[in-house]
Protein chains: 4
Amino acid sequence: MPPPAAAQASAPAQSVREAILDAAERRFADRGYAGASLRDIAAEVGLKNQASIYHYFKNKKALYEATLARTVQTLVPLWQGAGDAIAGAVDGSGAAASAAFLDSVLDHLEQHPDVARLIERAGMDDDRYARTTVPRLLRPLYTAGLDVLDRAGGPWPPEQLPHVATGLYHLIFGYFANASLLRAVMQDDPYTPEMFARQRVFLRAAVAQLLGIAPAPARPAVQKGRNRR
Amino acid sequence: MPPPAAAQASAPAQSVREAILDAAERRFADRGYAGASLRDIAAEVGLKNQASIYHYFKNKKALYEATLARTVQTLVPLWQGAGDAIAGAVDGSGAAASAAFLDSVLDHLEQHPDVARLIERAGMDDDRYARTTVPRLLRPLYTAGLDVLDRAGGPWPPEQLPHVATGLYHLIFGYFANASLLRAVMQDDPYTPEMFARQRVFLRAAVAQLLGIAPAPARPAVQKGRNRR
Amino acid sequence: MPPPAAAQASAPAQSVREAILDAAERRFADRGYAGASLRDIAAEVGLKNQASIYHYFKNKKALYEATLARTVQTLVPLWQGAGDAIAGAVDGSGAAASAAFLDSVLDHLEQHPDVARLIERAGMDDDRYARTTVPRLLRPLYTAGLDVLDRAGGPWPPEQLPHVATGLYHLIFGYFANASLLRAVMQDDPYTPEMFARQRVFLRAAVAQLLGIAPAPARPAVQKGRNRR
Amino acid sequence: MPPPAAAQASAPAQSVREAILDAAERRFADRGYAGASLRDIAAEVGLKNQASIYHYFKNKKALYEATLARTVQTLVPLWQGAGDAIAGAVDGSGAAASAAFLDSVLDHLEQHPDVARLIERAGMDDDRYARTTVPRLLRPLYTAGLDVLDRAGGPWPPEQLPHVATGLYHLIFGYFANASLLRAVMQDDPYTPEMFARQRVFLRAAVAQLLGIAPAPARPAVQKGRNRR
DNA sequence: GATGAATGAGGATTCATTCAT
DNA sequence: AATGAATGAATCCTCATTCAT
């Protein structure tokens with residue numbers, strides 16, 4: 001995984017298979033499983049024929065699952081990094097570790113605008129499509145997150161941790177998943193550097209609060225100075 | 001739990017038009033715009049033929065927009081209640097007002113399990129479907145929420161308020177929108193009374209923190225006692 | 001049949017039945033039997049419901065045949081006039097009689113722009129629709145025309161008369177039936193008074209020639225003076 | 001009658017695309033644009049599925065326009081031949097040239113019984129279908145015809161030439177376009193050799209008269225002798 | 001490895017028609 | 001006399017998928 005920001009646009013894809021996955025990621029993120037057509041995906045890759053896709057993937061569902069798997073897999077290192085940082089954290093550095101984790105996730109989501117939408121859709125698409133795949137892929141991330149949360153030792157009682165974990169997920173991923181709605185409703189492009197920086201500030205503070213790291217959210221002045229990237 | 005406006009399930013619908021909207025709400029929430037078929041919707045209503053739907057709605061798109069509009073409109077009173085409560089809040093009662101608002105929203109989402117999924121999908125479905133309708137419907141809720149946030153006078157600087165507002169939205173709605181994913185990943189049904197109560201506890205604390213109302217989230221013991229509904 | 005130029009537009013139709021026939025005439029002429037829908041016809045009449053048509057006509061085919069019958073019937077008097085004039089013609093006045101007939105037909109077609117298209121379509125629509133009706137309606141006109149031709153005693157041998165008759169029909173009706181094509185191809189509106197007058201001049205000369213009445217078509221100068229109506 | 005370009009009927013079509021065009025020509029001519037169904041066309045070609053048609057044509061309209069274009073294009077050589085003949089005509093041979101042209105057109109229409117109906121329908125189908133295509137296709141033929149007429153130097157003043165041209169068109173094509181009506185009304189099959197020969201005789205005389213070539217239509221005896229083919 | 005061709009299934013939409021009111 | 005409601009059939013069109021090349 002040498003280049004972190006890769007293959008998103010129409011760059012010379014390493015392999016056709018990879019190019020198909022790229023196009024599929026975009027289409028599935030944009031329109032969902034049912035709304036994305038193999039014809040469109042093939043066309044976007046430059047393939048003249050949908051049949052070509054079947055050389056690389058058994059059928060639409062397999063392509064979907066491969067797309068999802070690839071996308072989720074790129075998140076795994078981030079989680080691992082977080083786990084390691086927390087594990088090796090001496091007293092007090094937990095805050096720094098979690099902030100670093102948040103930043104790495106935000107960087108990733110900013111550079112891969114399809115990821116959040118793809119995962120959010122996968123989570124909503126009723127078990128009709130990809131019945132077992134989605135849980136199988138996402139569960140590791142969930143348990144890892146839970147584990148981090150547990151070891152970080154926040155103010156939450158154990159039975160609340162699942163809710164905290166999913167809450168953090170929605171807080172962070174929601175902004176990116178709903179970017180197109182936010183654009184219309186906020187009347188501002190969420191991917192603008194300014195907007196994005198503000199979101200980062202907000203999330204830093206919010207996450208810190210939820211994790212019981214920040215004593216109080218009274219950070220406005222400081223944040224203002226910090227939110228340039 | 002005696003809600004006056006029920007008719008969500010397979011109760012004897014007042015009118016056919018309303019029954020169609022009910023079925024459409026379920027299908028669109030479950031499968032999204034592209035994945036829902038008029039045939040299925042008609043069948044669920046008991047109509048023998050998709051053609052009947054066209055007696056009540058011009059198009060699939062028109063049906064979708066009507067469904068969405070009806071769903072969103074049922075949220076408006078909640079927002080208005082919140083606005084009024086905050087407006088009339090004497091010093092210190094803002095916390096109670098916002099807690100009441102949160103509770104009313106949670107009650108609504110629990111009783112209408114399609115609402116969150118429907119709105120979340122509408123926000124993600126790229127402008128291909130319902131280009132202008134979604135913003136038009138949701139913007140009032142957004143500005144109202146922003147207004148409440150502003151008057152509540154939390155610790156956030158003004159330019160952060162949009163991010164706080166949408167953050168709260170994702171925090172609250174995300175749990176319900178992704179219920180099916182959570183079910184698989186948490187290995188617990190999010191709509192179980194116990195799970196739901198825990199989520200309520202979590203959200204109360206989280207929202208209070210984010211609004212700067214609660215000094216610290218160290219509320220486990222108290223919450224445990226309060227979260228039975 | 002008091003008013004010759006009647007009920008074409010949205011004038012206060014005598015009866016609903018008549019109004020339906022008016023709308024049907026327009027639609028069937030514009031789009032043909034298959035292309036015209038009862039919904040459109042009902043809407044054009046102002047009826048809110050296609051079902052209302054069924055109070056007046058058994059089904060679409062019956063409406064079509066009634067429309068056709070009414071349209072053709074309005075032509076019958078013209079033919080009769082021609083027959084009478086020819087029958088009572090003293091030597092040499094045959095030319096005047098046939099010219100008068102042509103003029104009356106042209107007046108009628110100018111004022112009823114649907115007639116020619118309706119009949120032309122009926123003649124082309126393969127026996128699928130209105131199998132026996134069309135011949136039954138049009139045959140009288142044909143035989144009458146043949147009779148006139150015969151008695152007029154032109155230069156054609158008897159076995160050619162059917163071809164002359166139909167040739168005249170196409171010559172005269174074709175211009176009106178294909179008006180929309182001519183408009184595009186000639187780049188001039190065939191219903192313009194000027195264009196129409198020229199067509200009249202042309203037809204007068206052409207018909208006279210074909211009937212052997214005019215010794216030669218060298219009529220330009222005279223025609224120019226005559227073609228104002 | 002050994003025409004090199006046949007393949008009109010159910011002969012083994014060169015390519016599927018061509019076979020589809022053949023079937024479409026027949027259906028569109030028989031029933032018009034609205035009345036012809038892709039299902040029927042596919043079935044007539046032997047395709048088991050309407051979907052196959054979409055492999056060759058974008059949609060029904062595109063198929064229609066391709067059909068029309070192909071049909072009209074087969075007429076172009078005839079027109080060119082006429083133009084050349086007239087252009088190279090020494091004094092007096094204009095009559096022969098125009099007679100030859102008429103004969104070639106009649107031969108073509110006899111062998112391709114759909115052509116006249118297809119074009120006539122295209123001219124009538126209100127601009128709803130094939131708005132610009134029909135004029136674009138037919139205008140060249142019109143202007144070419146006009147040109148020939150002009151150079152032929154008949155007795156008509158210039159402003160009458162468009163009317164003469166379209167009149168000739170209707171005179172010639174009308175017989176074939178309305179063949180099914182004529183069959184019912186004349187009670188004789190217009191495509192019978194005898195009928196067809198008589199029509200040829202009629203048209204020869206009529207065209208000659210209209211072009212001012214024949215001094216008088218008193219040709220019965222000669223025609224009788226000539227009309228066996 | 002890629003493509004052209006074909007196809008069955010399904011999806012939205014329109015249409016003629018019927019029935020009860 | 002007119003309409004609302006419902007429906008079966010058909011229409012255009014898209015989609016996923018397969019097969020031969």
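Every chain is numbered from 1 and lettered A, B, ... according to where its sequence line falls, protein lines coming before strand lines. Note that the structure is predicted; figures quoted are calculated from it, not measured. Computed over heavy atoms, backbone and side chain alike; hydrogens, waters and symmetry mates excluded.
Comparing atom distances between the D/L38 side chain and each of F/dT3, F/dA9, F/dC12 picks out F/dC12 as nearest. Distances from the side chain of C/R39 to the nucleotides E/dC15, F/dT7, E/dT13 place E/dC15 closest. Distances were taken from every side-chain heavy atom of D/L47 (C-beta onward) to each of F/dA16, F/dG8, E/dT7; the shortest belongs to E/dT7. Residue D/N49 has its side chain nearest to E/dA9 when only E/dA12, E/dA9, E/dA16 are considered. The side chain of C/Y56 lies closest to F/dA1, out of F/dA1, F/dT7, E/dA16.
Atom pair C/I20:CD1 and F/dA2:C1' shows a separation of 11 Å (rounding to whole Å applied). If you take CD1 of A/I41 and P of F/dC15, they are 11 Å apart, rounded to a whole angstrom. Note: NE2 (B/H55) to C1' (E/dT17) measures 13 Å, nearest angstrom. Across the protein-nucleic acid pair, A/K61 atom NZ and F/dT17 atom C1' stand 16 Å apart, rounded to whole Å. Nucleotide F/dC15 holds its P atom 18 Å from the OH atom of A/Y64, rounded to whole Å. The nearest whole Å value for the distance from the CG atom in B/L63 to the P atom in E/dT13 is 10 Å. Separating the CZ atom of C/R31 from the P atom of E/dT14 is a distance of 13 Å, rounded to the nearest angstrom. When rounded to the nearest whole Å, the span between CZ of D/R27 and P of F/dT11 equals 11 Å.
Checking E/dT21 for Watson-Crick or G-U wobble geometry (two distances, each under 3.5 Å) identifies F/dA2 as its partner. Of the nucleotides present, F/dT11 is the one that pairs with E/dA12 by Watson-Crick or G-U wobble criteria, both distances under 3.5 Å. Across all strands shown, E/dT7 pairs with F/dA16; the Watson-Crick or G-U wobble distances both stay below 3.5 Å.
Judged by closest nucleotide on DNA chain E, A/A51 is the one of C/A51 and A/A51 placed further toward the 5' end. DNA chain E is contacted by both D/Q50 and D/I53; D/I53 maps to the nucleotide lying nearer its 5′ end (nearest heavy atom per residue).
In this pair, C/Y33 and C/F28 present their aromatic rings parallel. The plane angle is below 30°, not in the 30 to 60° band.
Nucleic acid contact class of D/S37 (heavy atoms, under 4.0 Å, all strands): sugar-phosphate only. Nucleic acid contact class of B/A36 (heavy atoms, under 4.0 Å, all strands): sugar-phosphate only.
Close to E/dA12, at under 4.0 Å from its OP1 or OP2, lies a side-chain N or O of B/K60. Within the 4.0 Å cut-off from OP1 or OP2 of E/dT13, at least one side-chain nitrogen or oxygen of B/N59 is found. Dashed line: the shortest gap from a side-chain N or O of B/S52 to OP1 or OP2 of F/dA5 is not under 4.0 Å.
A distance-only check finds no donor-acceptor pair linking the side chain of D/R27 to the backbone of D/I41 [under 3.5 Å]. Looking at B/N49, its side chain never comes within 3.5 Å of a backbone N or O of B/S52 through a donor-acceptor pair.
Remark: C/L68 CG to C/L138 CG distance equals 6.5 Å, nearest 0.5 Å.
When all heavy atoms of C/S180 and D/G123 are compared, the pair lying nearest together is OG-O, 3.3 Å.
Annotation: side chain of C/V45 is not in contact with side chain of C/I53 (no heavy-atom distance under 4.5 Å).
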